[in-house]
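Read the structure below first, then the notes.
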Amino acid sequence: MREVRVRDTMSGELCLLDPDREVGIYACGPTVYSRIHIGNARPFVIFSLLAGFLRSEGYQARLAINVTDINDKIYTAAAEAGVGSETLAAEMTAAYFEDTGRLGIGRPDAEPLATETIGPIVELIETLVEDGHAYESGGDVYFSVRSFDGYGKLSHRPTEEMEQGEDDAGSLKRDRLDFALWKGQKAGEDSAWDSPWGPGRPGWHIECSAMAEAELGELPFAIHGGGSDLVFPHHENELAQSEAARGRALAKIWMHNGMIETDAAKMSKSDGNIFQLSEALDRFGPEAVVSYLISGHYRQPLAFGEEQLNEAVARVDRLRNFLRSREDTGQSLDAAGGTVAGAALEDFRDALADDFNTPMAMSIAFDLVRRANQEDVPGAGAALLEMLDLVGLGSLAMADVEEPEPEALELLGDREAARADRDFARADEIRDRLAELGWEVRDSTEGATLVPRQER
RNA sequence: GGCGCCUUGGCGGAGUGGCUACGCAGCGGCCUGCAAAGCCGUUUACACCGGUUCGACUCCGGUAGGCGCCUCCA
């Protein structure tokens, strides 16, 4: 078990994870009012892979990624589309599960929905009201920011300079800093839940406090994550609510991923410069999308463009070709302990243990590939496959599960015969024919083989 | 204006006080009947100006430019 460190947004320090306790990770998932874009996939991938890596190191990890399916934007989008808000939310939740499922990196341990956590949400608000950290006003309930001393410590902002823009129209707040925990049902809103303050729905931040607690147990859990655009106000408010209600920190470490950018500007639904995850998967394939998402350090912004995805395709092809050339991908690495391959794997894991440095890790993987293509490196295939499993690319080893059909094999034999006769025109003709059937011919000193052409 | 971050070779993107990550693309070779795959080489990059240091791309200060949040947002 390695010492694993992660950068904490609040302190700015690298923090060691406690190996003796469950590593509870809560990452903020999407608000389901439309299909998710590739930027939304970044935290899903990062936190899923992190949890998997921790498990592989022997940690007890539990990952929860929520779905926010109650939100102003959902009402607005549903009204525009002429469907019920609950219908839209259900459709988009299903689409989110489908799109992220296609990434091929598994699912989080828990994926709570706000609509299924209403009870705990109401209880949490009641606690805050009882303790004087929240107050009811005209069917709404607001959190009293000034009742909580530490407000602003996560996003490093002086309290005096800020305000919560949300809900200003109603102006039922006592203080401009306060934010809504519960919103009474308004005209035109087609869904509502019962509460001690009348029918309504949770505000934006409270659902995460409640879901995190429900899924990960006693506070504080180890890591709270999400996009860096959530630091303020979303996470600042979550932190305040939970800490005010429980008298304990919500999370030990706050871990935020950088934004995906097009032309040096953040990809954002509201700006319209988005590229949907489903389209990226359709056009470039899941491995390339994952490879792209781990190509930069998670905290940094990552440039997005067709060129970047095409590069990812090329990277993944190189890895796939290498695995294809190895006979040892199925064997255990134990036989190669202490070797070049074993050392590379150790380095790879070290990189991940150091603030989850995936680009550093991948450079080690590519280094191994080159060395093993140059000379005999026992266990290189097994080592690489183990590396790739850790970053969600293990499926690259399964590229050739389909055997060529008899027709293709017959053509390959014909081509070999043509080559033996030095009838290269015919040989090339057959190669083109095989390409049409979906096979690429690779000649080598041991003879010709067929590999599936990568289509996407 | 406040808080934070960034500026690396054609592109993407790591990293370190002294040993030219890695990937992609281009170019030139090797291999091949030709390709593909693979290998080798490739014009020696760290915004600018000072400072610290035996030595800085890496530390400190400043300048310029860019980005994020401060309003919904992964």
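Reminder, nothing fancy here: chain letters follow the sequence lines and each chain counts from 1.
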> Strictly by modelled atom types, are D190(A) and Y75(A) linked by a side-chain donor-acceptor pair under 3.5 Å?
Replying inline: no
> What integer number of Å spans the C1' atoms of G28(B) and G33(B)?
Replying inline: 22 Å
>> Taking any heavy-atom pair under 4.0 Å as a contact, classify H37(A): base, sugar-phosphate, or nothing.
In response: base
> Thinking salt bridges, do D354(A) and R2(A) make one under a 4.0 Å N-O criterion?
Replying inline: no
> Are R415(A) and E429(A) close enough, and set up right, to give a salt bridge (charged side-chain N to carboxylate O under 4.0 Å, His left out), and what steps lead you there?
Replying inline: CA-CA 9 Å; R415(A) 177 171 174 275; E429(A) 203 175 287; over 6 Å; no
> Which part of the nucleic acid does N40(A) contact within heavy-atom distance under 4.0 Å: base, sugar-phosphate only, or nothing?
Replying inline: base
>> Say we look at U44(B) and C6(B): how far apart would their P atoms be, to the nearest angstrom?
In response: 29 Å
> If the sugar-phosphate is the primed atoms plus P, OP1 and OP2 and the base is the rest, what is the B/S/- string for nucleotides 14-30 of chain B, using protein heavy atoms under 4.0 Å?
Replying inline: SS-----BSBB------
> Using atom P of each nucleotide, how far apart are C22(B) and A14(B) to the nearest Å?
Replying inline: 15 Å
>> Over all strands shown, is G29(A) touching base, sugar-phosphate only, or nothing at heavy-atom distances under 4.0 angstrom?
In response: sugar-phosphate
> With a 4.0 Å cut-off on heavy atoms, is V441(A) in touch with a base, just the backbone sugar-phosphate, or nothing at all?
Replying inline: base
> Is there side-chain contact between H297(A) and D355(A), with heavy atoms separated by less than 4.5 Å?
Replying inline: yes
> Looking at N373(A), does any N or O in its side chain come under 4.0 Å of the phosphate oxygens OP1/OP2 on G38(B)?
Replying inline: no
>> If we check ring-ring contact (aromatic ring centres under 6.0 Å, His included) with W254(A), which of these qualifies: H235(A), H156(A), H234(A)?
In response: H235(A)
>> Assess whether a salt bridge exists between K153(A) and E236(A), defined as any Lys/Arg side-chain N lying under 4.0 Å from an Asp/Glu carboxylate O.
In response: no
> Any side-chain N or O of S444(A) less than 4.0 Å from the OP1 or OP2 oxygen of G38(B)?
Replying inline: no
> Roughly, in whole Å, what's the span from CZ in F304(A) to C1' in G68(B)?
Replying inline: 19 Å
> Which value, in whole Å, describes the distance between the C1' atoms of nucleotides A45(B) and A35(B)?
Replying inline: 34 Å
Result block: side-chain N/O donor-acceptor pairs under 3.5 angstrom for residues 368-389 of chain A, not counting sequence neighbours:
| from | atom 1 | to | atom 2 | distance (Å) |
| --- | --- | --- | --- | --- |
| R370(A) | NH2 | D367(A) | OD1 | 2.5 |
| N373(A) | ND2 | V369(A) | O | 3.3 |
| E386(A) | OE2 | R349(A) | NH1 | 3.3 |

>> Heavy atoms only, 4.0 Å cut-off, all strands: where does R415(A) land among base, sugar-phosphate and nothing?
In response: base
> So which nucleotide from C69(B), A36(B), C40(B) ends up closest to the side chain of R442(A)?
Replying inline: A36(B)
> Rounded to whole angstrom units, what separation is found between the CG atom of D229(A) and the P atom of C5(B)?
Replying inline: 17 Å
>> Between G4(B) and G61(B), how far apart are the two P atoms, rounded to whole Å?
In response: 13 Å
>> Please classify the nucleic acid contact of I260(A) as base, sugar-phosphate, or nothing, using heavy-atom distances under 4.0 Å.
In response: base
>> On RNA chain B, compare the nucleotides closest to A425(A) and S228(A); which residue's is nearer the 5' end?
In response: A425(A)
> So does K266(A) get a side-chain nitrogen or oxygen closer than 4.0 Å to the phosphate oxygens (OP1/OP2) of A74(B)?
Replying inline: no
>> Is there, by distance only and without an angle test, a donor paired with an acceptor across the side chain of D271(A) and the base of C72(B) below 3.5 Å?
In response: no
>> With a sphere of 6.0 Å drawn around CG of D149(A), does it hold more than 12 non-hydrogen atoms of other residues, nucleotides or ligands?
In response: no
>> Can you say whether a donor on the side chain of N321(A) sits under 3.5 Å from an acceptor on the base of G38(B), or the other way round?
In response: no
>> I'd like to know if D8(A) and K252(A) make a salt bridge, using a cut-off of under 4.0 Å between side-chain N and carboxylate O.
In response: no
>> Let's see if you can work this out: which of C72(B), G33(B), C3(B) has an atom nearest to the side-chain heavy atoms of H156(A)?
In response: C3(B)
> U16(B) and C57(B): how far apart are their P atoms, nearest whole angstrom?
Replying inline: 16 Å
> Taking atom P in both G15(B) and U53(B), what distance in whole Å separates the two?
Replying inline: 28 Å
>> Base of C34(B), side chain of R431(A) - is there a donor-acceptor contact under 3.5 Å?
In response: yes
>> Stem list for RNA chain B, please, built from Watson-Crick and G-U wobble pairs under 3.5 Å and keeping only runs of at least 3.
In response: B:1-7 with B:64-70, B:10-12 with B:22-24, B:26-30 with B:38-42, B:47-51 with B:59-63
> Where each residue is assigned the nucleotide of RNA chain B containing its nearest heavy atom, which of R422(A) and V231(A) is assigned the position nearer the 5′ end?
Replying inline: R422(A)
> Contact class for G39(A) vs. all strands (heavy atom < 4.0 Å): base, sugar-phosphate, or nothing?
Replying inline: base
> Say you pick atom C1' in C48(B) and the same atom in U7(B); how far apart are they, in whole Å?
Replying inline: 11 Å
> Just checking, R157(A) and F232(A): is the charged tip under 6.0 Å from the six-membered ring centre and within 45° of the axis?
Replying inline: yes
> Would you say F348(A) and M362(A) make side-chain contact, with heavy atoms under 4.5 Å?
Replying inline: yes
